[in-house]
Amino acid sequence: MKNEEVADIFRSIAQILEIQEENVFKIRAYNRAAETVRNCENLEEMVHADTLTELAGIGKDLAAKIKEYFSTGSIEHFEKLKKEVPQGVLELLSIPTIGPKTVKLLYKKLRIRDIDELEKKARDGSLLGVERIKEKTVQNILKGIEIVRKGKQRFDIASAWEIASYYAHELERLPGVKKVSVAGSLRRMKETAKDIDILVVSKKASAVMDALCRLDRVKEVLAKGETKTSVISREGIQVDVRVVDLECFGAALLYFTGSKNHNVRIRTIAVRKNLKINEYGIFKGKKLLASKTEEVMYKKIGMQYVEPEMREDVGEVELALKNELPVLVEQKDILGDFHVHSNYSDGRSSIEEMAQAAKKMGYRYLVITDHSQSLKVAGGLDEGALRKKKKEIDALNKKEKALRILFGTEVEIDSEGAIDYDTEILEGFDFVIASIHTGLKQPKEQITRRLIRACEHPCVDVIAHPTGKLRGVRDSYEIDFEAFFAAASHTKTVLEINAFPDRLDLGDSLVRLAKTKGVKFAIGTDSHQFSHLSFMRYGVALARRAGLGREDVLNTLAFSEVVKSGKRPWRRKE
DNA sequence: GCCGTTTTCGGCCCGACTGTTTTCAGTCG
């Protein structure tokens, strides 16, 4: 993805400037821009529409650099800087406890140019000659190198929440602990997490720190202070725990939730009003104005409460100042799931088991969307199997009144954009979602044409996992999003928000773009066993991150309303 | 390098922990 490439370059530029001890604000500008660009999946569209400067933190200069990258494949300014500070030197920054100052020192004094050289000189003792470096620092560097070599991978949101829940639960049980909250990117429900942040309310901070370090799943203690401790969990993820008083819980939660850019924005706004915000509260001079809850903190700054999922500094601060934040969709609004598999194709649970689990979720309907005939590897259903499945669903629906099970399919879009079943069969389904599983490397024009043809098919209600990205496996296939979203909107084809933690597709910035084109969304978990139905929360979170309200999301409608709102007019009399 | 109901110039968020010091710089979030 080009946005990632540009983001990496901006980050590298920031790092080089840091080592060169450039103006810290320029460095911050590059870092902020890197984040903004990384979160922007439709960067290419913005380059073509010449709207880059609408992005937060992108001005004339950076917009020109982004354009330069899209037209030439490189950025002149960066090529020049790379000659001044070699790439290997930048890699030293990835070592924990080593920052720009140390890197500069090592490079200037000992000509250390990469991690291997640093390790050699750490072991042979030649590091000890450098100012401010003694035995303990050498040990930390060696430990840091080990951590980097192992690779600090990001964790998917579901795994990270599982680990976070363990720590939160264990900390809650401690005597004197009044409250525990997960904070950080996990509370903002980002797709992946690099670490876990937990906030604890207790008057006995040191007892909490001690107990934390003794927990079973703690592999290593990185730093332990009076109110703040960092450990590595046995899964390899870092867990940061901070203890505060109940009085400043809101201020601490706000600070600890981030994002960093969001915090910087609201602190800047506070400064203009002669106020100061830190993790203990919002102050006028020495006088505390608010600190107990996030709600009162936002109120004192003069803005609306911002839901954690929206705190990315992508425009939400401006909306909150104008009192124009959207009312976001919530889990309790969700009445059904549009994408689940059963053991008829590649799922592990029976239709009945899936239905029971859906009932427990409080749903009113569940669409069983097994794969279609051509996807043999996933046990795609032929006509005979479809008849059997329909019969089973009809029988179950007779027994069960609270939940309606719907006869659906996830049908293949073939390499030309044709739909796997004949129209006659497709008309027999209650609901049809269509997706691409083959020909993923086709050129952009062809993939876009396939998707648009699928949208134009009268029986296709939803395009499932529209970009095909799969975490750690493959990126999105190439799509002309403008054209695709226009077609979806025009044909009233709904786009899926796939809630499976490795997919989360469409991503939030593309959902935002699609919404501006008038597209509606259906959240589907892509469950392959009944326990997967709980992934709905990640789909809802993604929708919230994109600023969607109930009105944007099909799952908030009763199924009869879904049918009426859909593209197949002949079904509306149902 | 960005940005503007104080400004197109002069600002730009704030504190905890560590190691090496004896008052603080560097790193991190």
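Lettering follows sequence order; numbering is per chain, from 1. The basis for the numbers below is simple: all heavy atoms, side chains too, and nothing from hydrogens, waters or symmetry mates. The shown structure was predicted, so the numbers you read here are calculated from the model rather than taken from an experiment.
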task: Hey, could you give me each pair passing side chain to side chain donor-acceptor pair (under 3.5 Å) that has a residue in residues 196-206 of chain A? Not counting sequence neighbours.
output: none

task: Considering only atom C1', compute the distance from dT22(B) to dC14(B) and round it to an integer number of Å.
output: 25 Å

message: So Ile266(A), base contact, sugar-phosphate only, or nothing? Heavy-atom distance under 4.0 Å.
response: nothing

Let me have the donor-acceptor pairs involving side chains of residues 98-117 of chain A, under 3.5 Å, with sequence neighbours excluded, atom names and distances please.
| from | atom 1 | to | atom 2 | distance (Å) |
| --- | --- | --- | --- | --- |
| Lys104(A) | NZ | Glu21(A) | OE2 | 2.7 |
| Lys109(A) | NZ | Glu131(A) | OE1 | 2.7 |
| Arg111(A) | NH1 | Tyr107(A) | O | 3.4 |
| Asp114(A) | OD1 | Asp116(A) | N | 3.2 |
| Asp114(A) | OD1 | Glu117(A) | N | 3.0 |
| Asp116(A) | OD1 | Arg149(A) | NH2 | 2.8 |

query: When you compare dT27(B) with dT21(B), how far apart are their P atoms, in angstrom units rounded to a whole number?
result: 15 Å

message: Measuring only the C1' atom in each nucleotide, how far is dG10(B) from dA16(B)? A whole number of Å is fine.
response: 30 Å

Protein and nucleotides 3-12 of chain B: nitrogen or oxygen contacts under 3.5 angstrom:
| from | atom 1 | to | atom 2 | distance (Å) |
| --- | --- | --- | --- | --- |
| dC3(B) | OP1 | Gly57(A) | N | 3.0 |

- prompt: Where does the angle between the aromatic ring planes of Phe535(A) and His532(A) fall among parallel (under 30°), tilted (30 to 60°) and perpendicular (over 60°)?
  reply: parallel

message: Does the structure show a Watson-Crick or G-U wobble partner for dC28(B), both distances under 3.5 Å? Name it, or say none.
response: dG15(B)

task: In whole angstrom, give the distance that lies between atom CD of Glu226(A) and atom P of dA16(B).
output: 10 Å

- line: Taking dG1(B), dG15(B), dG29(B) as options, the one with an atom nearest any side-chain atom of Lys65(A) is dG1(B)

task: Please work out if Ile27(A) contacts a base, only the sugar-phosphate, or nothing of the nucleic acid, heavy-atom cut-off 4.0 Å.
output: nothing

- line: Residue pairs meeting ring-ring contact (aromatic ring centres under 6.0 Å, His included), one or both in residues 153-198 of chain A, sequence neighbours left out, come to none

message: Which residues pass the salt bridge (charged side-chain N to carboxylate O under 4.0 Å, His left out) test with Lys515(A), not counting sequence neighbours?
response: Asp552(A)

message: Other residues, nucleotides and ligands only: do more than 12 of their heavy atoms fall within 6.0 Å of CZ on Arg38(A)?
response: yes

message: Going by the rule salt bridge (charged side-chain N to carboxylate O under 4.0 Å, His left out), which residues pair with Lys299(A) if we only count those two or more places apart in sequence or in a different chain?
response: none

query: What integer number of Å spans the C1' atoms of dC13(B) and dC28(B)?
result: 15 Å

task: Using side chain to side chain contact (heavy atoms under 4.5 Å, CB included) as the criterion, list what pairs up with Asn140(A), not counting sequence neighbours.
output: Thr97(A), Lys136(A), Lys143(A)

message: Once side chain to side chain donor-acceptor pair (under 3.5 Å) is applied, do any residues pair with Ser165(A), and if so which ones, sequence neighbours excluded?
response: none

- prompt: Once you round it to whole Å, what is the distance between P of dG26(B) and CD1 of Ile141(A)?
  reply: 14 Å

- request: By nearest nucleotide on DNA chain B, pick out whichever of Tyr30(A) and Arg267(A) is the more 5' one.
  value: Tyr30(A)

task: May I ask you to say what Asp61(A) touches in the nucleic acid, namely base, sugar-phosphate or nothing, with a heavy-atom cut-off under 4.0 Å?
output: sugar-phosphate

field: Span that lies between the C1' atom of dT8(B) and that of dG4(B), in whole angstrom
entry: 8 Å

message: Of the listed nucleotides (dA16(B), dG1(B), dG26(B)), which one gets closest to any side-chain atom of Thr102(A)?
response: dG26(B)

Selected nucleotide, minimal atom distance to Thr227(A) side chain, candidates dT27(B), dC2(B), dC17(B): dC17(B)

field: ring-ring contact (aromatic ring centres under 6.0 Å, His included) contacts in which one or both residues fall within residues 208-264 of chain A, not counting sequence neighbours
entry: none

task: Classify the nucleic acid contact of Phe256(A) as base, sugar-phosphate or nothing, counting any heavy atom under 4.0 Å across all strands shown.
output: nothing

- request: Could you measure between the two C1' atoms, the one in dC12(B) and the one in dT7(B), and give it in whole Å?
  value: 13 Å

Pairs where residues 19-41 of chain A contributes a residue and the test ring-ring contact (aromatic ring centres under 6.0 Å, His included) is met, not counting sequence neighbours: Phe10(A)-Tyr30(A)

- prompt: Reading nucleotides 18-25 of chain B 5' to 3', which nucleotides get B (base under 4.0 Å from a protein heavy atom), which S (sugar-phosphate only), which -?
  reply: SBSS---B

- line: To the nearest angstrom, the CD1-P distance between Ile282(A) and dG15(B) comes to 13 Å

task: Using the P atoms only, state how far dG26(B) lies from dT20(B), rounded to an integer number of Å.
output: 14 Å

query: So, is Lys260(A) near the phosphate of dC28(B), with a side-chain N or O under 4.0 Å from OP1 or OP2?
result: no

query: Taking the side chain from Thr72(A) and the backbone from Tyr69(A), do they hold a donor-acceptor pair closer than 3.5 Å?
result: no

message: Check this one for me: any side-chain N or O of Asn263(A) less than 4.0 Å away from OP1 or OP2 of dC13(B)?
response: no

task: Give, ordered by number, those residues of residues 123-131 of chain A having at least one heavy-atom distance below 4.0 Å to an atom of DNA chain B; if nothing qualifies, reply none.
output: none

Candidates dC13(B), dG15(B), dG1(B) - which lies nearest the side chain of Tyr280(A): dG15(B)

- prompt: Would you call Glu318(A)-Arg265(A) a salt bridge at under 4.0 Å N-O?
  reply: yes

